[in-house]
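So the structure is just underneath, and the comments pick up after that.
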Amino acid sequence: LMGRTTLLFLLFVLLQFARSHGSITTKNNAKFIDQEDYDTIMSEFDPFVRSKLAELTLQQKIGQMGQIDVRYILISGTLTIDEAKLFDLIDRFFVGSFLLSPFSDGPINGTSGFNTSTWRNIITKIQTACMTRGAKIPMVYGIDAVHGAVFQTDATIFSQQIGCAATFSPDLIKQMAAITANETRMAGIPWIFSPIMGIAQDPRWPRVFETWGEDPLLASKMGSALIEGMQGGNPPQLSSPSSVAACMKHFVGYPVPRSGLDRTPSWIPDRMLWEYFMPSFEAAIASGVATAMESYNELNGIPVVSSHEYLTKILRSDLKFKGMLVTDYHEIENLHSWHRVATSPKNAVEICINRTSIDMSMIPTDTDFMTDVHDLIMQEKIDPKRIDISAGRILQLKYKLGLFDDPYPRKDFVVSSS
């Protein structure tokens with residue numbers, strides 16, 4: 001009996017693996033993008049974006065796909081930007097995005113946060129370098145303002161999502177989101193990694209408090225309200241000086257690890273996946289969410305970050321998500337170092353780019369991703385059209401945020417009072 005059970009289990013895992021990776025046309029392991037599909041996606045971009053994309057070199061397009069932690073460009077042990085590091089990222093690697101706060105791991109030299117004025121100076125310095133050097137494309141900065149502008153010492157902090165869900169008031173959540181968006185945008189940051197749309201059904205999981213709870217309907221209603229509050233309505237008004245791009249996360253199945261421990265495998269039958277875990281993400285997409293983030297976990301034996309099934313077929317084809325997809329922190333390299341399914345960090349890049357629709361890698365503290373993507377293209381292991389698609393989605397986001405018109409912190413509005 002044990003032998004038969006083990007065999008059935010192995011067959012199940014192999015079936016999930018085959019489904020996840022899909023069937024692709026390859027040459028030297030490269031997935032070649034169908035020309036008709038490519039033309040369709042390109043036609044969805046604004047003419048300005050298509051024109052700007054055509055001006056960029058291959059390396060500049062690849063650079064748009066890289067996101068760097070701000071701590072990487074600070075002089076060690078200080079809060080001062082290392083200009084040599086910043087300029088190198090822009091001049092040689094054309095990095096398109098930065099993220100997080102220097103204080104994400106705690107206080108530095110007795111300081112635990114920046115006020116809005118200091119944030120504006122930091123963003124202006126990075127943005128000025130991006131606009132005057134390299135590809136001269138504005139960067140987009142993202143941050144985890146998931147319950148208020150928590151990384152600004154003079155901004156408003158709200159309850160975590162589980163507390164907000166207890167209000168059962170979408171109108172209140174929409175007001176909260178609008179305040180958070182306004183205060184964050186005033187700091188010069190136009191992208192928030194929120195809301196968390198996963199459904200938490202296991203109290204052992206240590207991040208339950210970050211979710212809307214266990215009910216798909218409540219999560220859908222609250223998440224939609226938050227997205228519309230952040231993005232200025234539905235359809236979104238991202239270029240408004242008081243709006244930001246929201247980010248639905250973590251797609252998908254993250255909050256129910258079988259062990260109860262964070263970042264460990266989830267096993268969810270398809271019927272349960274669609275009944276309980278997909279509706280909140282469907283609602284977020286219907287609300288016009290601009291971006292999405294994949295999740296740390298492996299689902300049904302496959303790391304989500306490498307899954308064709310979840311990140312291409314379901315997210316793009318079934319759910320019709322057309323926005324920009326970013327990885328979670330360090331997740332592509334994690335295929336090698338954590339999930340142990342890639343033979344090397346470069347192989348991890350190859351797997352993710354060829355099998356998924358990921359647009360931006362939250363790298364976050366080196367430049368290997370950009371180098372690896374370029375090398376793999378030169379080796380004919382990645383189709384250059386795949387890079388056009390992702391760089392196009394990133395430029396489209398920046399265009400909708402109004403960064404090509406004015407990439408700097410807004411000077412014509414004031415932080416709202418709560």
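Bear in mind that the values here come from a model prediction, so they are computed numbers and not experimental data.
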Inter- and intrachain pairs under ring pair (Phe, Tyr, Trp, His ring centres under 6.0 Å), touching residues 76-98, at least two apart: none
Over 12 non-hydrogen atoms of neighbours within 6.0 angstrom of CD in Glu55: yes
side-chain contact (heavy atoms from CB on, under 4.5 Å) partners for Arg204, two or more places apart: Asp202
Test applied, side chain to side chain contact (heavy atoms under 4.5 Å, CB included); reference residue, Leu226; option that passes from Pro170, Ser194, Ser287: Ser194
Basic-acidic side-chain contact under 4.0 Å: Arg355, Glu350: no
Residue pairs, two or more places apart or on separate chains, that pass salt bridge (Lys or Arg N to Asp or Glu O under 4.0 Å) and touch residues 323-337: none
Side-chain (Lys85) to main-chain (Tyr72) donor-acceptor, under 3.5 angstrom: yes
Arg207 and Tyr254 side chains, donor-acceptor separation under 3.5 Å: yes
Closest non-hydrogen atom pair between Met131 and Pro407, with its separation: CG-CG, 4.0 Å
Sidechain-backbone polar pair: Asn234 side chain, Ala286 backbone, donor-acceptor under 3.5 Å: yes
Exercise: identify the closest heavy-atom pair between Pro236 and Gly288: CG-O, 3.5 Å
Under 3.5 Å: donor-acceptor pair, side chain of Ser390, backbone of Ile387: no
Pairwise distance CG(Asn300) to CG(Leu273) - rounded to 0.5 angstrom: 7.5 Å
Basic-acidic side-chain contact under 4.0 Å: Lys52, Asp46: no
Residue pair Gln231 / Ser243, side-chain donor-acceptor N/O under 3.5 Å: no
Pair Phe103 and Phe151, ring centroids less than 6.0 Å apart: no
Note, Val326 side chain near Trp191 side chain (heavy atom, < 4.5 Å): yes
Sub-4.5 Å side-chain heavy-atom contact between Val244 and Ile189: no
Worked verdict on Thr118 versus Asn115 for side chain to side chain donor-acceptor pair (under 3.5 Å): CA-CA 5 Å; Thr118 303; Asn115 61 23; 2.9 Å; yes
Within 6.0 angstrom of Lys346 NZ, more than 12 heavy atoms from elsewhere: yes
Centroid-centroid distance, Phe404 to Phe48, less than 6.0 Å: yes
Atom pair OG1/OH of Thr365 and Tyr329 - distance to nearest 0.5 Å: 6.0 Å
Tyr276 atom OH, neighbour heavy-atom count above 12 within 6.0 Å: no
Atom pair CG/CG of Leu74 and Asp82 - distance to nearest 0.5 Å: 8.5 Å
Carboxylate-amine/guanidinium proximity below 4.0 Å for Lys400 and Asp405: no
Counterpart residues, side chain to side chain donor-acceptor pair (under 3.5 Å), relative to Thr211 (two or more places apart): none
Spatial distance of atom CG (Leu376) from atom CD1 (Ile353) [nearest 0.5 Å]: 9.0 Å
OH on Tyr141 to CD on Gln67, rounded to 0.5 Å: 9.0 Å
Partners passing side chain to side chain donor-acceptor pair (under 3.5 Å) against Lys136 (at least two apart in sequence or in another chain): none
Any donor-acceptor N/O pair, Lys249 side chain to Ala292 backbone, under 3.5 Å: no
Lys125 backbone acceptor or donor facing Thr128 side chain under 3.5 Å: no
Results of side-chain contact (heavy atoms from CB on, under 4.5 Å) for Ala348 - residues two or more places apart only: Ile332, Leu335, Ala342
Within 45° cone of Tyr296 ring axis and under 6.0 Å: Arg263 NZ or CZ: yes
CD (Glu214) with more than 12 external heavy atoms under 6.0 Å: no
Minimum heavy-atom distance Thr264-Asn297, with the two atoms named: O-CB, 3.9 Å
ring-ring contact (aromatic ring centres under 6.0 Å, His included) evaluation trace for Tyr310 with Phe251: CA-CA 8 Å; Tyr310 299 121; Phe251 191 83; 7.6 Å; no
Check: Lys385 side chain, Gln35 main-chain N or O, donor-acceptor pair, under 3.5 Å: no
